[in-house]
Amino acid sequence: PGGTLVNIVYHNIKKWALKSSPLFHNFDNRELDQIALQFTTKYAKSKSLIMDMEKQVDALVISIEGKINSKPIGTLFND
């Protein structure tokens, strides 16, 4: 994927998070690229609620910058 350096770095973080997940670790780089390109980027203010863990979630969430419940960046949340 082309674009700015920030977009390339974010794309690589998304691919790394997918690759480190048991759901996607057997996918090849081309497949991971295609999946990561489909992601929607949303920005949130510090300490804002991104998803309610008490409700069913129908999306994959990857923290690109910062932390979600003290988990490091590049973490795939798919529970």
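With a 4.5 Å cut-off on side-chain heavy atoms, D33 and H11 count as touching. Proximity of L5 to V9: side-chain heavy atoms (C-beta onward) are separated by under 4.5 Å at one or more points. The side-chain heavy atoms of L18 and F27, taken from C-beta on, include no pair separated by under 4.5 Å.
The two residues A36 and K15 come nearest to each other via the heavy atoms CB-CG, 4.1 Å.
Judged by distance alone, the side chain of E31 and the main-chain N or O of D28 form a donor-acceptor pair under 3.5 Å.
Note that CG of N12 and CG of N7 are 11.0 Å apart. Values are rounded to the nearest 0.5 Å. Atom-to-atom distance recorded for I8:CD1 and I13:CD1 is 12.5 Å, nearest 0.5 angstrom.
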